[in-house]
There are 2 protein chains.
Amino acid sequence: MTIRKATDEEPCPVARSVDLIGDRWSLLIVRDAFDGVRRFGDFQRSLGVARNILADRLRKLVDAGILEMRDASDGTAYQEYVLSTKGEGLFPIVVALRQWGELHLFARGERHSVLIDTRTRKPIPRMTPQAKDGSTLMPAFTEVRKVT
Amino acid sequence: MTIRKATDEEPCPVARSVDLIGDRWSLLIVRDAFDGVRRFGDFQRSLGVARNILADRLRKLVDAGILEMRDASDGTAYQEYVLSTKGEGLFPIVVALRQWGELHLFARGERHSVLIDTRTRKPIPRMTPQAKDGSTLMPAFTEVRKVT
DNA sequence: CAGTATCCCTCAAGATACTG
DNA sequence: CAGTATCTTGAGGGATACTG
């Protein structure tokens, strides 16, 4: 990052976003968070990431205001990491990555995990529906749960 | 990547997408490509990336079928890199990153670059318009040109 | 101009042991 | 269980010189 502009001098919003969440793990943590994962150990098992790296990424995501720490809902003494409103705003990015990947990175018939919109109880569509003007309709974030 | 699954064993489309384009430079190259950048030197100047890294990323993007090489349109002996259909499919991801960044990563009033939709001649909106059901409307890719 | 070849260095990441 | 501390490795990335 010596050569890249400091984030606060970078005029391109895409670049700032990529600087913040464009690493190997952050977006997958966010994906899991959309999927309802909340606890350190669950993230760790889901991702298979080293504990120290996970701790670092969680801290950065909390510092960035994407995740918030809360007391565990199950009465244990530990913390949970849940998406803030800002973090929930990443939903279109995750969905777009998912849909592009489904369409272009899987062979026909090859199985992949899907997301269920818990409001409509339907899977997030493989492709974004087209509007009349050619724009695409991105599902809203309600709550989502993975099915494999 | 020792611990991460090989791409062809990874069942999550988000993870496959992130594996492919979730590095520091690939998405910014794609962003520039949407912006009409086509030549090695122009990418290099725009991004400030080392030439060997740029060459590597361009090669990987071509191998992945996201960019295609063509003979230069200006008659010179060189090549140009243009988005394939698959690459154009990344538009919603770039737009989503842009809009999230505009909304959450810039102070009020702070200036940032914008994209002009050359079909409508209007800037890509700061926030995705909401549909009645709470889903969001992602602009179509026609052609786009940066304005700072 | 459009790359390739080399060298070097930093940091991300993995492994593992330890602590409250 | 939820982390922290420490060590090691390797890949990513920068600088630069070189080539067709």
Side-chain angles (χ1 to χ4, degrees), chain A residues 1-7 9-10 15 18-30 32-33 36-64 67-82, chain B residues 1-7 9-10 15 18-30 32-33 36-64 67-82:
Chain A
M1 281 226 239
T2 18
I3 214 181
R4 278 274 277 284
K5 289 186 178 70
T7 291
E9 297 190 352
E10 172 58 67
V18 168
D19 273 348
L20 191 58
I21 54 171
D23 71 280
R24 207 172 348 279
W25 293 115
S26 298
L27 270 172
L28 296 184
I29 292 171
V30 169
D32 276 2
V37 176
R38 299 183 160 206
R39 304 215 14 185
F40 188 93
D42 292 332
F43 283 112
Q44 206 272 323
R45 266 182 300 281
S46 167
L47 298 170
V49 58
R51 311 169 86 72
N52 52 345
I53 304 297
L54 176 60
D56 177 76
R57 288 306 182 282
L58 287 172
R59 195 178 313 117
K60 284 179 179 165
L61 289 169
V62 169
D63 288 349
L67 293 178
E68 289 171 355
M69 297 187 71
R70 296 193 187 160
D71 293 340
S73 50
D74 62 356
T76 57
Y78 300 111
Q79 302 286 318
E80 293 183 339
Y81 300 88
V82 297
Chain B
M1 283 228 236
T2 20
I3 213 181
R4 278 276 276 284
K5 290 186 179 71
T7 291
E9 298 191 350
E10 173 57 67
V18 168
D19 272 348
L20 191 59
I21 55 171
D23 71 281
R24 195 151 24 261
W25 294 116
S26 297
L27 269 172
L28 297 183
I29 292 173
V30 169
D32 277 1
V37 177
R38 300 182 158 205
R39 307 222 1 193
F40 188 93
D42 293 332
F43 283 113
Q44 206 274 319
R45 267 183 300 281
S46 166
L47 298 170
V49 59
R51 310 169 86 71
N52 53 344
I53 304 297
L54 176 60
D56 177 76
R57 288 306 182 284
L58 287 173
R59 196 178 312 116
K60 284 180 179 166
L61 289 170
V62 169
D63 289 349
L67 293 178
E68 289 170 355
M69 296 187 72
R70 296 193 187 157
D71 294 340
S73 49
D74 62 356
T76 57
Y78 301 111
Q79 301 287 317
E80 293 183 340
Y81 299 88
V82 298

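The figures that follow rest on heavy atoms only: side chains count, while hydrogens, waters and symmetry mates do not. First the proteins, then the strands, lettered A, B, ... as listed; each starts at 1.
- Straight-line distance from the CZ atom of R24(B) to the C1' atom of dA11(D): 12 Å, rounded to whole Å.
- Nearer the 5' end of DNA chain C, as judged by each residue's closest nucleotide, is the contact made by D56(B), out of D56(B) and R57(A).
- One can place CZ of R38(A) at 14 Å from P of dA2(D), the figure rounded to the nearest angstrom.
- To the nearest 0.5 Å, atom CG of residue D42(B) and atom CG of residue L47(B) are 10.5 Å apart.
- With hydrogens and angles ignored, the 3.5 Å screen pairs no side-chain donor or acceptor of E68(A) with any backbone N or O of Y81(A).
- Counting non-hydrogen atoms under 4.0 angstrom, Y81(A) reaches the backbone sugars and phosphates but no base.
- Remark: P of dG12(D) and CD1 of I21(B) are 16 Å apart, rounded to the nearest angstrom.
- By the 4.5 Å heavy-atom criterion applied to side chains, I21(A) and V30(A) are not counted as neighbours.
- Positionally, the nearest nucleotide of DNA chain D for M69(A) lies more toward the 5' end than for the other of I53(B) and M69(A).
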- Item | Contact pattern, 5' to 3', of nucleotides 5-10 of chain D - B, S or - by protein heavy atom under 4.0 Å | BB----
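- Of the residues D23(A), D32(A), D63(A), the one that meets the salt bridge (Lys or Arg N to Asp or Glu O under 4.0 Å) test with R57(A) is D23(A).
- Regarding Q79(B), its CD atom lies at a distance of 11 Å from the P atom of dT4(C), rounded to whole Å.
- Put simply, the side chain of L28(B) does not reach to within 4.5 Å of the side chain of V49(B), judged on heavy atoms.
- Atom C1' of nucleotide dG3(D) and atom CG of L61(A) are separated by 16 Å, given to the nearest angstrom.
- Judged by distance alone, the side chain of E80(B) and the main-chain N or O of M69(B) form no donor-acceptor pair under 3.5 Å.
- In this structure, L54(A) places its CG atom 14 Å from C1' of dA12(C), rounding to the nearest Å.
- Comparing R39(B) and D23(A) by the nucleotide of DNA chain C that holds the closest heavy atom to each, the one mapping nearer the 5' end is R39(B).
- Following rounding to the nearest Å, F43(A) (CZ) and dG3(D) (P) show an atom-to-atom distance of 11 Å.
- Nearest heavy atoms, A33(A) versus L67(A): CB-CD2, 4.3 Å.
- Taken from CD in Q79(A) to CZ in F40(A), the straight-line distance is 12.5 Å, to the nearest 0.5 Å.
- Between atom CG of residue L58(A) and atom CG of residue L54(A) there is a gap of 4.0 Å, rounded to the nearest 0.5 Å.
- Residue contacts for R59(B): at a heavy-atom cut-off of 4.0 Å it reaches the sugar-phosphate backbone alone, with no base atom in range.
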- Task: Kindly express the pairing pattern of DNA chain D in dot-bracket notation, using | wherever a base pairs with another strand and counting only Watson-Crick or G-U pairs under 3.5 Å.
- Result: ||||||||||||||||||||
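- Atom pair D42(A):CG and dC1(D):P shows a separation of 9 Å (rounding to whole Å applied).
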